[in-house]
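All remarks here apply to the structure that follows.
Note that the structure is a prediction, hence the values are computed from the model and not measured.
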Amino acid sequence: MAKVQDSYYFDTFPACAEDACRAAHLLEAMMQNFQPANIRQELDEIHKIEHSADEKKHELQSVLVKAFITPIEREDISALSTNIDTLTDKIEEVCMRVYIHNIQSIRPDAINMLDVVIRGCEEVCKMLEEFADFRHSKKLKEYIIHINSLEEESDRLFIANMRQLHVEPGLDIREIMAWEEIYTYLEKCADACEEIAD
């Protein structure tokens, strides 16, 4: 019985991370083929994924509350579940900011930052697939190091992109403020990947 219960946690972690990957790829499709008129509908699609991730997290927390024995510390299960859910939330919030600020075209710099986020999400999925074998895995540490490197890459892009907003001629102050916020949320997505790895 304990082994069945253990596999529930180790199966649910990557399933939740897969929701984050789906949301990130949907955000990428939206940004690559940007149509301002479609943004509300695309935000709704990402919200459905975020809602699915929330349901998985709540179900896991319900199982955890009733569990007598857990494969790792229950506080760690709860924290990991919350951190995976936070990643999906942050991806949705990027899309939300594009909608709120009525963005009319996507800056290529944002797509570069999103590419790092997508690679981070994919590494998180691989890492969590491997997590069930954490006592013997030879790959787990490699995934963690790679996710940390991606977060550092995201930091560099964030600084460069924020500076570009303030040196590029002809940008309206509202446009600068909007993109500052979008870049900040893209950076938070990379941070969320790193928090899962940590």
Could I get the full list of side-chain hydrogen bond (donor to acceptor under 3.5 Å, both in side chains) partners for Arg40, not counting sequence neighbours? Asp44
Partners passing side-chain hydrogen bond (donor to acceptor under 3.5 Å, both in side chains) against Glu42 (at least two apart in sequence or in another chain): none
Applying salt bridge (Lys or Arg N to Asp or Glu O under 4.0 Å) to Glu129 and not counting sequence neighbours gives none
According to salt bridge (Lys or Arg N to Asp or Glu O under 4.0 Å), who are the partners of Asp115, at least two apart in sequence or on a separate chain? Arg119
Could you pull out all donor-acceptor pairs under 3.5 Å where a side-chain atom in residues 58-68 meets a protein atom, sequence neighbours excluded?
residue	atom	partner	partner atom	Å
Glu59	OE2	Tyr8	OH	3.4
Gln61	OE1	Ser78	OG	3.4
Gln61	NE2	Ser78	OG	3.4
Ser62	OG	His58	O	3.1

Pairs under 3.5 angstrom only: tabulate donor-acceptor contacts from the side chains of residues 134-143 to other protein residues two or more places apart or in another chain.
residue	atom	partner	partner atom	Å
His136	ND1	Asp133	OD1	3.4
Ser137	OG	Glu130	OE2	2.6
Ser137	OG	Lys139	N	3.1
Ser137	OG	Leu140	N	3.0

Show every donor-acceptor pair shorter than 3.5 Å between a side-chain atom in residues 158-165 and any protein atom, with sequence neighbours excluded, or say none if there are none.
residue	atom	partner	partner atom	Å
Asn161	ND2	Asp109	O	3.4
Asn161	ND2	Leu157	O	3.3
Gln164	NE2	Glu168	OE1	3.3

State the [atom1]-[atom2] distance between [X] and [Y], to the nearest 0.5 angstrom.
X	Y	atom1	atom2	value
Ile144	Ser149	CD1	OG	12.0 Å
Cys189	Leu87	SG	CG	6.5 Å
Met113	Arg156	CE	CZ	12.0 Å
Gln104	Glu175	CD	CD	10.0 Å
Thr70	Ile72	OG1	CD1	7.5 Å

Mind listing the closest non-hydrogen atom pair of [X] and [Y] along with its distance?
X	Y	answer
Ile147	Ala197	CG2-CB, 3.9 Å
Glu153	Val116	OE2-CG2, 3.6 Å
Pro71	Tyr9	CD-CD1, 3.6 Å
Ala20	Ile91	O-CD1, 3.3 Å
His166	Ile176	CE1-CG2, 3.7 Å
Thr88	Cys16	OG1-O, 4.3 Å

Quick one: do Lys56 and Ser52 satisfy side-chain hydrogen bond (donor to acceptor under 3.5 Å, both in side chains)? Show the steps, please. CA-CA 6 Å; Lys56 288 185 184 78; Ser52 166; 2.9 Å; yes
Distance-only donor-acceptor hits, side chain of residues 22-33, under 3.5 Å, sequence neighbours excluded:
residue	atom	partner	partner atom	Å
Arg22	NH1	Asp19	OD1	2.7
His25	NE2	Glu122	OE2	3.0
Asn33	ND2	Ala29	O	3.2

Report yes if the side chains of Leu128 and Ile84 come closer than 4.5 Å at any heavy-atom pair, otherwise no. yes
Side chains of Pro36 and Asn102: does their closest heavy-atom pair fall under 4.5 Å? no
Write out all pairs satisfying salt bridge (charged side-chain N to carboxylate O under 4.0 Å, His left out) with one or both partners inside residues 80-91, taking only residues at least two apart or from two chains. Lys57-Asp85, Lys90-Glu93
Sequence neighbours excluded, every pair satisfying salt bridge (charged side-chain N to carboxylate O under 4.0 Å, His left out) that has a member inside residues 187-198: none
So which residues get pulled into Ile173's cluster when ILVMFWY side chains under 4.5 Å apart are joined, directly or through others? Met177
Sorted by first residue and then second, give each ring-ring contact (aromatic ring centres under 6.0 Å, His included) pair with at least one member in residues 178-198; sequence neighbours left out. Trp179-Tyr183
